[in-house]
K.L.:
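This is the structure I want to talk about, given as structure tokens.
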Amino acid sequence: MTKHVTHWIGSKPVSGSSGRQGDLYEPSTGALAGKVDFAGPAEVDAAVAAAKAAFPGWRDASLARRAKILFRFRELVEGHRDELARIISAEHGKVVSDAAGEVARGLEVVEFACGIPHLLKGGFSENVSSRVDAYSILQPLGVVAGITPFNFPAMVPMWMFPVAIACGNTFVLKPSEKDPSASVRLAELWADAGLPDGVFNVLHGDKAAVDGLLHHDDVKAVSFVGSTPIARYIYETAARNGKRVQALGGAKNHMVVLPDADLDLAADAAVSAGFGSAGERCMAISVVVAVDPAGDELVAKVKERVARLKVGPGDDPESEMGPLVTRAHRDKVASYLDSGVAQGAVLAVDGREGLPPGDGFWLGPTVLDHVTPEMDAYRDEIFGPVLSVVRAGSYEEAMDLLDANPYGNGTAIFTNDGGAARRFQNEVEVGMVGINVPIPVPMAYYSFGGWKASLFGDSHAHGMEGVHFYTRTKAVTARWLDPSHGGVQLGFPTNG
Ligand code: NAD
């Protein structure tokens, strides 16, 4: 056990002083791999103070300079993509190719933020009254914090900080304590790109670190991504403390398969979207709703494909699915196999069979068929490699399930009927919709976010909603007298 992950404050590594640390594991062997420092109030203060001190200079940095640093950061992350993917895989467990994919998706947000000179253009109206012009300017907020989940240790922070920093804010990232190393490597790359000291800081820890940020007067906004109960807590606490807040929560994504769909395409999609990253994705497909009579044929095709999936360590190029993130999480996910069967589901594929040897946090792809809405496996966000199949008698029955579900993150419909797809996209109460696309993660220039219990707040992440979240608008009304026109006009400008 050698690894010791420290905070990153003011562009240098800072060892923790709170005396508290967390354990880091290697999920494929179950071995303890190192420790991460956990912040207490002193480290929270130090990180926020570094970000606050850096703000005036960064706010005044020209848009050209900010864009140049972002372009350099983009090149550095691209150049270190494989290294970052290996860091992620070692702590999270996902296969290296999948981890490289998450870095690539995060990079798309950096590329979007490289356009910041264009994105920060305000409006201008000439001559709103005689010799009076009106315009708007977008200004940064100050110190903003990002609190992120374990499942995308590079991509989710990159939904936030490229846009926040490009807008002129300074940033304190509190990544997941389960896989904190990628964020420190990203901080080093920012420094190499020439980002001034203190603009990007990383603070590790648990609830104590998060609460320190939520109650700190100098933190002006909080972006959160994680589970729904914590998202609700973050939203309420940050808002009570007068902060701007966006809190993205959990999910239970349904994929509706109509009987006219291409069932081979649908089965491929269900398997990749259900078991990629061992189902530890907020956009993973968790429930397939097979509309009669598609169910039996679809389940048979899913089973065929699952039988070919290779489960193994993330750094083995042959592996298609790695272990889960911790032993406790694996045990919790596995408990849904027993509860599902006890409550009447059919275990079509049992993920406890044929696992790699050793003490890693393994659970293979599992298919629970004939799941019904009252079962725990249907009601809870499992966040693991368990795909539930629900049978529905009609499109309307499938829609009733989606409407009744408390979550509204992503959903997909598989059909060859354009009219049905159009009706679905119009009616469904979900933030991100795929049509014959199982994981409809929006491109960086659109915004990512769910509805219902999958989002607390009104701003989605990145895209123009990200720019909006990380800036305040100032409206200016200005009168300049024409030198040829003598005299002063008193009073409020009026038309004419
Ligand atoms: P989590 O909610 O346990 O943790 C998220 C962050 O909150 C971490 O940084 C953690 O340290 C912190 N945290 C945990 N408990 C806390 C507490 N009591 N008080 C204050 N802070 C606390 O989530 P996770 O297990 O790391 O990630 C998985 C969850 O994230 C799933 O529910 C998944 O759906 C969700 N997720 C959602 C999205 C989305 O875009 N909506 C994206 C990725 C993950």
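On a predicted model such as this, the values are computed, not experimentally measured, just so you know. When a ligand or atom number is given, it counts from 1 through the structure's own listing order.
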K.L.:
Heavy atoms only: which of Ala208, Cys282, Ser227, Ser176 is nearest to atom 29 (C) of ligand 1?
P.N.:
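The residue whose heavy atom sits nearest atom 29 (C) of ligand 1 is Ser227.
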K.L.:
Are any of the heavy atoms in Gly450 under 4.0 Å away from ligand 1?
P.N.:
no
K.L.:
Give the atom numbers and elements of ligand 1 that come within less than 4.0 Å of a heavy atom of Ile147.
P.N.:
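With Ile147 as reference, the close atoms of ligand 1 come out as 6 (C), 7 (O), 9 (O).
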K.L.:
What residue and atom, counting heavy atoms only, is the protein's closest point to atom 19 (N) of ligand 1, and at what distance?
P.N.:
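Going atom by atom, the protein heavy atom closest to atom 19 (N) of ligand 1 ends up being Lys207 CG, 3.4 Å.
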K.L.:
If you measure every N/O of Glu177 against every N/O of ligand 1, is any gap under 3.5 Å?
P.N.:
yes
K.L.:
Which is closest to atom 35 (C) of ligand 1 by heavy-atom distance: Gly250, Gly226, Pro149, Ala209?
P.N.:
Gly226
K.L.:
Report yes if some N/O of Val225 lies less than 3.5 Å from some N/O of ligand 1; otherwise report no.
P.N.:
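No.
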K.L.:
Before giving the answer on salt bridge (charged side-chain N to carboxylate O under 4.0 Å, His left out), spell out for Arg20 and Asp37 the whole-Å C-alpha distance, their side-chain angles and the decisive distance to 0.1 Å.
P.N.:
CA-CA 6 Å; Arg20 294 173 62 239; Asp37 292 341; over 6 Å; no
K.L.:
With a heavy-atom distance limit of 4.0 Å, tell me whether Glu381 approaches ligand 1 through its side chain, its backbone, both, or neither.
P.N.:
side chain
K.L.:
Applying a 4.0 Å heavy-atom criterion (strictly less than), which segment of Phe383 is in contact with ligand 1: side chain, backbone, both, or neither?
P.N.:
side chain
K.L.:
Any idea which protein heavy atom is nearest atom 40 (O) of ligand 1, and the distance to it?
P.N.:
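Sorting protein heavy atoms by distance from atom 40 (O) of ligand 1 puts Phe448 CE2, 3.0 Å first.
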K.L.:
Kindly identify the option in Ile382, Val441, Val210, Leu455 whose heavy atom sits closest to atom 20 (C) of ligand 1.
P.N.:
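The residue whose heavy atom sits nearest atom 20 (C) of ligand 1 is Val210.
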K.L.:
Would Glu280 and Ser277 count as having a side-chain donor-acceptor pair, cut-off 3.5 Å?
P.N.:
no
K.L.:
Could you check whether the rings of Phe150 and His329 sit parallel, tilted or perpendicular, using 30° and 60° as the cut-offs?
P.N.:
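The arrangement is perpendicular - the two ring planes meet at more than 60°.
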K.L.:
Is the shortest side-chain heavy-atom distance between Arg352 and Asp338 below 4.5 Å?
P.N.:
yes
K.L.:
Can you name the atoms of ligand 1, numbered from 1 with element, that are less than 4.0 Å from a heavy atom of Asn151?
P.N.:
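Under 4.0 Å from Asn151, ligand 1 has these atoms: 43 (C), 44 (C).
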K.L.:
So His204 and His7, would you call those rings parallel, tilted or perpendicular, with 30° and 60° as cut-offs?
P.N.:
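Geometry flag for His7 against His204: parallel rings.
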K.L.:
Tell me: protein heavy atom nearest atom 8 (C) of ligand 1, and distance?
P.N.:
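Result for atom 8 (C) of ligand 1: Thr148 O, 3.2 Å.
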K.L.:
Are side-chain N/O atoms of Gln246 and Ser459 paired as donor and acceptor at under 3.5 Å?
P.N.:
no
K.L.:
With heavy atoms of Asn409 as the reference, note each atom of ligand 1 found under 4.0 Å away.
P.N.:
41 (N)
K.L.:
Check each of Phe152, Phe150, Phe224 against atom 26 (O) of ligand 1 and report the one with the nearest heavy atom.
P.N.:
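Minimum heavy-atom distance to atom 26 (O) of ligand 1 goes to Phe150.
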K.L.:
For the residue pair Thr366 / Tyr336, report whether a side-chain donor-acceptor contact shorter than 3.5 Å exists.
P.N.:
no
K.L.:
Would you mind telling me if ligand 1 is within reach of the side chain of Trp159, the backbone, both or neither, using heavy atoms under 4.0 Å?
P.N.:
side chain
K.L.:
Is the shortest heavy-atom distance from the side chain of Leu368 to the side chain of Leu337 under 4.5 Å?
P.N.:
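Sidechains of Leu337 and Leu368: no contact.
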K.L.:
Once you restrict to heavy atoms under 4.0 Å, what part of Asp211 touches ligand 1? Side chain, backbone, both or neither.
P.N.:
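For Asp211, there is no contact with ligand 1 at all, from either part.
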K.L.:
Apply the side-chain contact (heavy atoms from CB on, under 4.5 Å) test between Lys178 and each candidate in Ser176, Pro180, Pro175; give the one that qualifies.
P.N.:
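Option passing the side-chain contact (heavy atoms from CB on, under 4.5 Å) with Lys178: Ser176.
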K.L.:
Would you mind running through ligand 1 and noting each atom that sits below 4.0 Å from a heavy atom of Lys174?
P.N.:
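So the atoms of ligand 1 that pass are 8 (C), 9 (O), 10 (C), 11 (O).
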K.L.:
List the steps and the verdict of ring-ring contact (aromatic ring centres under 6.0 Å, His included) for His254 and Tyr378.
P.N.:
CA-CA 10 Å; His254 290 48; Tyr378 182 82; 5.4 Å; yes
K.L.:
Looking at side-chain heavy atoms only, is the closest gap between Val14 and Trp8 below 4.5 Å?
P.N.:
no
K.L.:
Would you say Asn241 and His216 are linked by a side-chain donor-acceptor pair, where the criterion is simply a distance under 3.5 Å?
P.N.:
no
K.L.:
For Arg422, does the CZ atom have more than 12 heavy-atom neighbours from other residues, nucleotides or ligands under 6.0 Å away?
P.N.:
no
K.L.:
Could you tell me the residue and atom name of the protein heavy atom closest to atom 41 (N) of ligand 1, and the distance to it rounded to 0.1 Å?
P.N.:
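Protein heavy atom at minimum distance: Gly249 O, 2.7 Å.
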K.L.:
Return the closest protein heavy atom for atom 15 (N) of ligand 1 as residue, atom name and distance.
P.N.:
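Residue, atom and distance for the closest contact: Ile230 CD1, 3.6 Å.
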K.L.:
Would you say atom 4 (O) of ligand 1 makes contact with the protein, given that contact here means a non-hydrogen protein atom less than 4.0 Å away?
P.N.:
no
